[in-house]
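These figures come from a predicted structure and were not determined experimentally. Index from 1, following the sequence.
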Amino acid sequence: MIKTVHVSHIGRVRSVNEDSAWIRNLDTGYILGIVADGMGGHLAGDTASRLAVETLVQDLATLEPGLSHASLSAALSDAILHANEVIFRTASTDDKYHNMGTTVVAALLNDAEGVIGHIGDSRAYKIAGKEVFQLTEDHTLVNELYKNGQISKEDVSHHPRRNVLTRALGTDAEVKVDMDAVRLEEGEVLLLCSDGLSNLVSNEQIIQVAGNLDLPLEDRADRLLQLALLAGGDDNITVALFEPQQQDAPQVETGCES
């Protein structure tokens, strides 16, 4: 049993929420969670993230039960590549969507284990005890500069071009999807988020809030969102949490958007 919750907020600066999120227990028994952070302007970013979510949900909603890890990984990767085609084609045929794109981070779980597919700088974290593990690697210019030794780790969060992506969904005809395995033990939490959270909320704060098992999962998601708002809220903020439950605990999916 996995309990899930997601919240999204426009933030304090933007006029439109270009983030899209979707989490459900599929009828076939899998759990699918998606966070997408659109870019390209008022209509375009919102449209790109929405198309990403809609395509993934459509492609994955009818998966056969009991698929192997390799089959789950292939299915999620194929769905993300299909979303890339849909967004790129839409942008190519309508001027108002020119150059639109989106990040995507998606988890497809069979109970407490599964796969994460990822493009861009939305992130997946696993919180285990007093530690947080970033499961995805940002596809950004500053991350490339850091890996090449051109800037320090301290420079990454303050670099003037920290939001420049090197890879996004829908901006090119072909794209590479990063795939990672994930497994959750009891007491661990999976977090998917847009950079409106990760740019403003520290790893220590994530551990303190998401790892506080005494708080209801809904309260933890809301507190993370509030921390990003208190830190300035200069971008849209989306938070999705997944937590294994004991078998006799009821599973409830909740979500809200403002």
Asks: Can you tell me if Gln205 has over 12 outside heavy atoms packed within less than 6.0 Å of its CD?
Replies: yes
Asks: At their closest point, which heavy atom of Leu56 faces which heavy atom of Ala83, and how far apart are they?
Replies: CD1-CB, 3.7 Å
Asks: What are the two closest heavy atoms between Ile87 and Gly170, and how far apart are they?
Replies: CG2-CA, 3.7 Å
Asks: Taking 4.0 angstrom as the limit, do Asp235 and Arg14 come out as a salt bridge?
Replies: yes
Asks: Judged by atom type as modelled, is there a donor-acceptor pair below 3.5 Å linking the side chain of Thr166 to the main-chain atoms of His139?
Replies: yes
Asks: Are Val104 and Phe88 co-members of a hydrophobic cluster defined by side-chain heavy atoms under 4.5 Å apart?
Replies: no
Asks: Side chains of His6 and Leu241: closer than 4.5 Å at any heavy-atom pair?
Replies: no
Asks: Within this structure, what is the OG-CG distance for the pair Ser194 and Asn17, rounded to the nearest 0.5 Å?
Replies: 8.0 Å
Asks: Could you walk me through whether Met179 and Leu76 pass side-chain contact (heavy atoms from CB on, under 4.5 Å), step by step?
Replies: CA-CA 9 Å; Met179 301 297 300; Leu76 180 55; 3.9 Å; yes
Asks: Would you say Asp19's side chain and His9's backbone share a donor-acceptor pair under 3.5 angstrom?
Replies: no
Asks: If you define the side chain from C-beta out and look only at heavy atoms, does anything of Leu108 sit under 4.5 Å from Ile31?
Replies: no
Asks: Roughly how far, to the nearest 0.5 Å, is the CG atom of Leu191 from the CG atom of Leu224?
Replies: 6.5 Å
Asks: Quick check for you: to the nearest 0.5 Å, what is the distance between Ile237 atom CD1 and Ser8 atom OG?
Replies: 8.5 Å
Asks: Can you check whether Leu51's main-chain N or O pairs, donor with acceptor, with Thr55's side chain at less than 3.5 Å?
Replies: yes
Asks: Do Asp222 and Gln226 have side chains that approach each other closer than 4.5 Å (heavy atoms only, starting at C-beta)?
Replies: yes
Asks: Please determine whether a side-chain nitrogen of the Lys or Arg among Glu218 and Arg220 lies less than 4.0 Å from a carboxylate oxygen of the Asp or Glu.
Replies: no
Asks: Suppose we screen for salt bridge (Lys or Arg N to Asp or Glu O under 4.0 Å). Which residues come up paired with Asp219, at least two apart in sequence or across chains?
Replies: none
Asks: Name each donor-acceptor pair under 3.5 Å that joins a side chain in residues 128-137 to protein atoms two or more places apart or in another chain, with its distance.
Replies:
| residue | atom | partner | partner atom | Å |
| --- | --- | --- | --- | --- |
| Gln134 | OE1 | Arg123 | NH1 | 3.4 |
| Gln134 | NE2 | Thr136 | O | 2.7 |
| Thr136 | OG1 | Ala124 | N | 3.1 |
| Glu137 | OE2 | Asn143 | ND2 | 3.3 |
| Glu137 | OE2 | Lys147 | NZ | 2.6 |

Asks: For Asn236 and Ile10, indicate whether the former's side chain and the latter's backbone hold a donor-acceptor pair under 3.5 Å.
Replies: yes
Asks: Which heavy-atom pair separates Glu188 from Arg183 by the least distance, and what is that distance?
Replies: OE1-O, 3.7 Å
Asks: Test side-chain contact (heavy atoms from CB on, under 4.5 Å) on Val175 and Ile119; report intermediate values, then the result.
Replies: CA-CA 9 Å; Val175 70; Ile119 296 173; 3.8 Å; yes
Asks: Group every Ile, Leu, Val, Met, Phe, Trp and Tyr by side-chain heavy-atom contacts under 4.5 Å, then state whether Val105 and Ile23 land in the same group.
Replies: yes
Asks: For residues Arg223 and Leu215, determine if any side-chain heavy atom of one lies less than 4.5 Å from a side-chain heavy atom of the other.
Replies: yes
Asks: Step by step, would you call Leu72 with Tyr30 a side-chain contact (heavy atoms from CB on, under 4.5 Å)?
Replies: CA-CA 10 Å; Leu72 279 183; Tyr30 303 108; 3.7 Å; yes
Asks: Give a yes or no answer on whether the side chain of Thr103 reaches the backbone of Asp37 with a donor-acceptor pair at less than 3.5 Å.
Replies: yes
Asks: What's the separation between atom CD1 in Ile2 and atom CD in Gln245, rounded to the nearest 0.5 Å?
Replies: 8.0 Å
Asks: Any heavy-atom pair between the side chains of Asp234 and Arg12 that's under 4.5 Å?
Replies: no
Asks: Does any part of the side chain of Ile80, heavy atoms only, come nearer than 4.5 Å to the side chain of Leu169, both counted from C-beta?
Replies: yes
Asks: Is there a donor-acceptor pair closer than 3.5 Å between any side-chain N or O of Asp138 and the backbone N or O of Thr140?
Replies: no
Asks: For the CG atom of Leu217 and the OG1 atom of Thr4, what is their distance to the nearest 0.5 Å?
Replies: 8.0 Å
Asks: For a quick test of reading the model, state the closest non-hydrogen atom pair linking Gly211 to Ile127 and the distance between them.
Replies: CA-CG2, 3.8 Å
Asks: Can you name the closest pair of heavy atoms from Ala210 and Val189 and give their distance?
Replies: O-CG2, 3.6 Å
Asks: Which donor-acceptor pairs under 3.5 Å do the side chains of residues 59-70 make with protein atoms, sequence neighbours left out?
Replies:
| residue | atom | partner | partner atom | Å |
| --- | --- | --- | --- | --- |
| Asp59 | OD1 | His82 | ND1 | 3.4 |
| Asp59 | OD2 | His82 | ND1 | 2.7 |
| Ser68 | OG | Ser71 | N | 3.1 |
| Ser68 | OG | Ser71 | OG | 3.1 |

Asks: Report yes if some heavy atom in the side chain of Thr171 is under 4.5 Å from a heavy atom in the side chain of Met39; otherwise report no.
Replies: yes
Asks: Would you mind checking if Arg89 and Glu85 are paired as a salt bridge, meaning a charged N to carboxylate O distance below 4.0 Å?
Replies: no
Asks: Using the salt bridge (charged side-chain N to carboxylate O under 4.0 Å, His left out) definition, which of the options Asp172, Asp178, Asp121 pairs with Arg167?
Replies: Asp178
Asks: For Leu190 and Glu243: C-alpha separation, side-chain torsions, deciding distance, then whether side-chain contact (heavy atoms from CB on, under 4.5 Å) applies.
Replies: CA-CA 7 Å; Leu190 175 66; Glu243 183 177 53; over 6 Å; no
Asks: Under the 3.5 angstrom rule, does the side chain of Ser49 hit a backbone N or O of Thr102 as a donor-acceptor pair?
Replies: no
Asks: So, taking the atom named OH in Tyr125 and the one named OG in Ser198, what distance separates them when rounded to the nearest 0.5 Å?
Replies: 4.5 Å
Asks: Any side-chain heavy atom of Val5 within less than 4.5 Å of one from Phe242?
Replies: no
